[in-house]
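For reference, positions follow the sequence shown, starting with 1.
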Amino acid sequence: MNTVLSRANSLFAFSLSVMAALTFGCFVTTAFKDRRVPVDIHVSKVMLKNVDDFTGPRERSDLGFITFDISADLEPIFDWNVKQLFLYLSAEYATKSNSLNQVVLWDRIILRGDNTKLNLRDMKSKYFFFDDGNGLRANKNITLTLSWNVVPNAGILPLVAGSGHISLPFPEQYEATKSY
């Protein structure tokens with residue numbers, strides 16, 4: 001005859017197996033959902049400075065400042081399997097020394113139950129837009145993209161790029177003013 005511990009172990013193992021099967025079933029119901037939504041990004045101001053770079057040799061590096069607007073309705077992304085979204089605005093560009101540069105300029109976390117309609121105006125970069133040299137000056141193709149990580153209750157963490165981006169040129173002259 002089985003002991004109480006043996007029966008408890010069997011019941012616990014069976015319960016874990018059922019929970020794992022249910023979790024996998026929940027994951028499958030939203031695994032193939034398209035999480036892209038239209039995003040409208042507008043840049044109202046671009047400024048460029050040449051500042052001292054204290055992280056390496058005594059050289060000067062480009063520092064960009066961007067004022068932007070973002071509009072997006074993120075409601076279609078949220079379903080029962082989404083806990084939160086981690087949004088981030090990134091800039092992507094090429095220079096002579098690097099074929100691909102990616103810099104995160106701004107981010108935000110949107111929890112389930114928060115307002116999912118983004119209508120942000122005159123936002124400034126949350127993080128510094130440094131280049132490791134002078135690659136921003138007169139760069140004609142800097143692309144801003146709003147992307148997000150979907151944090152689910154069960155399943156993988158998909159990385160999704162919004163279906164809207166903007167390419168903009170940076171100025172050919174440095175700003176001489178002290179403020180932004």
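In terms of heavy-atom proximity, Val150 sits nearest to Leu157 at O-CD2, 3.4 Å. The two atoms that bring Glu172 and Ala138 nearest to each other are CG-CB, 3.7 Å, heavy atoms only. Annotation for Lys83 and Phe78: closest pair O-CE2, 4.4 Å, computed over non-hydrogen atoms. Nearest heavy atoms, Tyr127 versus Trp106: CD1-N, 4.0 Å. Counting all heavy atoms, side chain and backbone alike, Trp80 lies closest to Arg112 at O-NH2, 3.2 Å. Scanning all heavy atoms of the two residues, the minimum distance from Phe170 to Leu136 falls at CB-O, 3.1 Å.
Using a 4.5 Å heavy-atom threshold, the side chains of Asp73 and Thr116 count as touching. Inter-residue side-chain proximity for Ser61 and Asn134 is flagged as unmet; no heavy-atom pair is nearer than 4.5 Å. Considering only heavy atoms from C-beta on, Leu87 comes within 4.5 Å of Leu74 through its side chain. Counting only heavy atoms from C-beta outward, the side chains of Arg7 and Val4 never approach each other to under 4.5 Å. Counting only heavy atoms from C-beta outward, the side chains of Ile66 and Leu105 approach each other to under 4.5 Å.
Here the side chain of Asp69 pairs a donor or acceptor atom with the backbone of Asp122 at under 3.5 angstrom. One N or O on the side chain of Asn139 and one on the backbone of Ala94 form a donor-acceptor pair closer than 3.5 Å. Side-chain atoms of Arg36 never come within 3.5 Å of backbone atoms of Ala161 as a donor-acceptor pair (strictly under, hydrogens ignored). The backbone N or O of Thr95 lies less than 3.5 Å from no partner atom in the side chain of Asn98, so there is not a single donor-acceptor pair. A donor-acceptor contact shorter than 3.5 Å links the side chain of Asn81 to the backbone of Asn153. Remark: side-chain polar atoms of Asp114 are not paired, donor with acceptor, to backbone N or O of Ile110 under 3.5 angstrom. A donor-acceptor contact shorter than 3.5 Å is absent between the side chain of Ser6 and the backbone of Thr3. In this structure a side-chain-to-backbone donor-acceptor pair under 3.5 Å is missing from Asp40 to Ser71.
Note that the CZ atom of Arg137 and the CG atom of Asn50 stand 8.0 Å from one another [nearest 0.5 Å]. Going from atom NZ of Lys49 over to atom CZ of Phe130 covers 11.0 Å, rounded to the nearest 0.5 Å. One finds the CD atom of Glu92 at 9.5 Å from the NE2 atom of His165 (value rounded to the nearest 0.5 Å). The structure places CZ of Phe65 at 10.0 Å from NZ of Lys45, a figure rounded to the nearest 0.5 Å. Expressed to the nearest 0.5 Å, how far CG of Asp62 lies from CZ of Phe129 amounts to 9.5 Å. Taking NE2 of His42 as the reference point, atom CD1 of Ile70 lies at 12.0 Å (rounded to 0.5 Å).
Hydrophobic clustering of Ile, Leu, Val, Met, Phe, Trp and Tyr side chains at less than 4.5 Å, counting indirect connections, keeps Ile77 apart from Tyr88. In terms of hydrophobic clustering, with Ile, Leu, Val, Met, Phe, Trp and Tyr side chains grouped at heavy-atom distances under 4.5 Å, Leu118 and Ile41 are assigned to a common cluster. Note on Phe27 and Val151: separate hydrophobic clusters, where clusters join Ile, Leu, Val, Met, Phe, Trp and Tyr whose side-chain heavy atoms are under 4.5 Å apart, directly or indirectly. Phe128 is not connected to Val104 by any chain of hydrophobic side-chain contacts under 4.5 Å among Ile, Leu, Val, Met, Phe, Trp and Tyr, and they are in different clusters. Residue Leu111 is grouped with residue Phe86 when hydrophobic side chains (ILVMFWY) are merged at heavy-atom distances under 4.5 angstrom, including chains of intermediate members.
Salt bridge present: Arg60 and Asp52 bring a charged side-chain N and a carboxylate O closer than 4.0 Å. A salt bridge is defined here as a Lys NZ or Arg NE, NH1 or NH2 lying under 4.0 Å from an Asp or Glu carboxylate O, and Asp107 with Lys126 meets this definition. A salt bridge links Arg35 with Asp79: the distance from a Lys NZ or Arg NE/NH1/NH2 to an Asp or Glu carboxylate oxygen falls below 4.0 Å.
For the residue pair Asn101 / Tyr93, no side-chain donor-acceptor distance below 3.5 Å is found, with atom types taken as modelled. A donor-acceptor pair shorter than 3.5 Å can be found between the side chains of Arg121 and Asn119. Side chain to side chain, Ser167 and Thr143 meet the donor-acceptor criterion of an N or O pair below 3.5 Å.
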Please evaluate residues Ser90 and Gln102 with respect to the criterion side-chain hydrogen bond (donor to acceptor under 3.5 Å, both in side chains), reporting the C-alpha separation (whole Å), side-chain torsions for both, the decisive distance (0.1 Å), and the verdict. CA-CA 7 Å; Ser90 61; Gln102 293 176 320; over 6 Å; no
Would you sort out whether Leu89 and Leu144 count as a side-chain contact (heavy atoms from CB on, under 4.5 Å), showing the intermediate values? CA-CA 7 Å; Leu89 181 72; Leu144 300 181; 4.2 Å; yes
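Heavy-atom neighbours of Lys96 NZ from other residues, nucleotides or ligands within 6.0 Å: at or below the threshold of 12.
By the side chain to side chain contact (heavy atoms under 4.5 Å, CB included) test, Leu22 pairs with Val18, sequence neighbours left out.
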